[in-house]
K.L.:
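Can you keep this structure in mind? I'll have questions shortly.
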Amino acid sequence: IVSTAALLNTGQVGVNTAIPCSSSNPVGGEKFTNDPPVPNQDTFHADFANACSTAFAGLSLRMSGKDLETTAAGFGLGKAWQLPLSAFAGGMKSPGNQAELAEDTIGTGSVKVSPLDMAIAAAVVQSGTWHPPSLVTNPPDPGLTPTVPFGPRVVSALQTLMRSTVTSGAGQAANVGNAPVYGQVGSTAYGSTGLREAWFVGFQGNVAFAVLELTRSSSTSAAPLAGQFLDGLQPRS
């Protein structure tokens with residue numbers, strides 16, 4: 001989501017730009033692969049919907065580390081918000097070379113986020129505005145105010161892409177309820193434990209959320225878990 005916004009913001013890619021999704025892609029001297037494998041795609045729209053890591057690694061060549069850092073800041077990563085409980089604002093180091101930029105572009109490398117960070121990112125796509133997090137029983141941090149980090153063109157394109165993830169891409173198991181669901185999936189190795197972190201980040205109506213599941217299978221998606229969460233929010237007759 002963050003790297004897509006960076007690419008859209010710099011005009012380096014559009015929703016229907018032809019970007020192949022290959023099984024592997026060498027960038028900056030490092031070989032990137034899709035884990036789990038995804039079917040061959042030929043547009044950025046399809047690459048996003050199926051979370052094609054090799055396509056995004058290659059697209060890192062079309063932007064700078066500063067582009068990605070600025071966009072991450074727009075989504076609130078590393079902002080000094082406060083909550084009266086333990087929470088993590090996320091962060092990303094400045095990439096030192098092309099391989100590091102490619103890693104950060106696919107959400108690995110130096111990128112560190114929590115589910116709360118990514119729920120906030122989904123809320124930015126939903127409303128076009130970054131809001132500081134707050135407990136529902138407390139007022140927002142008075143030191144931070146909502147901001148509008150991206151123009152309507154970028155926000156609209158992200159909404160289109162995130163909708164396609166749950167209608168025709170890798171997040172279809174989260175397409176629950178009558179109101180449209182918007183989201184994105186992702187996974188990465190959890191250190192050297194043999195586990196993988198499977199993510200689903202999204203929103204439905206005015207509820208933005210993120211779920212994280214630890215699994216031993218590279219093919220396991222957190223989308224079914226997101227679907228269970230959303231099913232619990234649906235009105236019951």
K.L.:
Just by modelled atom types, is the Leu7 backbone N or O under 3.5 Å from a matching donor or acceptor in the Thr10 side chain?
P.N.:
yes

K.L.:
What is the minimum heavy-atom distance between Glu30 and Glu103, and which atoms define it?
P.N.:
OE1-OE2, 2.6 Å

K.L.:
Can a donor-acceptor pair be found, under 3.5 Å and without considering hydrogens, that links the side chain of Asn34 to the backbone of Ser53?
P.N.:
yes

K.L.:
Looking only at atom types and distance, does a side-chain atom of Thr71 sit under 3.5 Å from a main-chain N or O of Val2, one as donor and one as acceptor?
P.N.:
no

K.L.:
Is a side-chain donor or acceptor of Asn50 paired with a backbone partner of Cys52 at a separation under 3.5 angstrom?
P.N.:
no

K.L.:
Is the backbone of Leu101 close enough, under 3.5 Å, to the side chain of Asp104 for a donor and an acceptor to pair up by distance?
P.N.:
no

K.L.:
Between Ser114 (side chain) and Phe88 (backbone), is there a donor-acceptor pair under 3.5 Å?
P.N.:
yes

K.L.:
Spell out, as yes or no, whether a donor-acceptor pair under 3.5 Å connects the side chain of Gln126 to the backbone of Val207.
P.N.:
no

K.L.:
In terms of hydrophobic clustering (I, L, V, M, F, W, Y; side-chain heavy atoms under 4.5 Å; direct or indirect links), are Phe75 and Phe200 co-clustered?
P.N.:
no

K.L.:
Do Thr54 side-chain atoms and Ser22 backbone N/O form a donor-acceptor pair below 3.5 Å?
P.N.:
yes

K.L.:
Are side-chain N/O atoms of Thr43 and Asn16 paired as donor and acceptor at under 3.5 Å?
P.N.:
no

K.L.:
Parallel, tilted or perpendicular for Phe203 and Tyr182, by the 30°/60° rule?
P.N.:
parallel

K.L.:
Using a distance-only test with no angle check, is there a side-chain donor-acceptor pair under 3.5 angstrom linking Glu100 and Ser110?
P.N.:
no

K.L.:
Begin with the C-alpha distance, continue with both residues' side-chain angles, and end with the deciding distance and a verdict on side-chain contact (heavy atoms from CB on, under 4.5 Å) for Asn175 and Arg163.
P.N.:
CA-CA 9 Å; Asn175 200 17; Arg163 180 61 180 149; 3.2 Å; yes

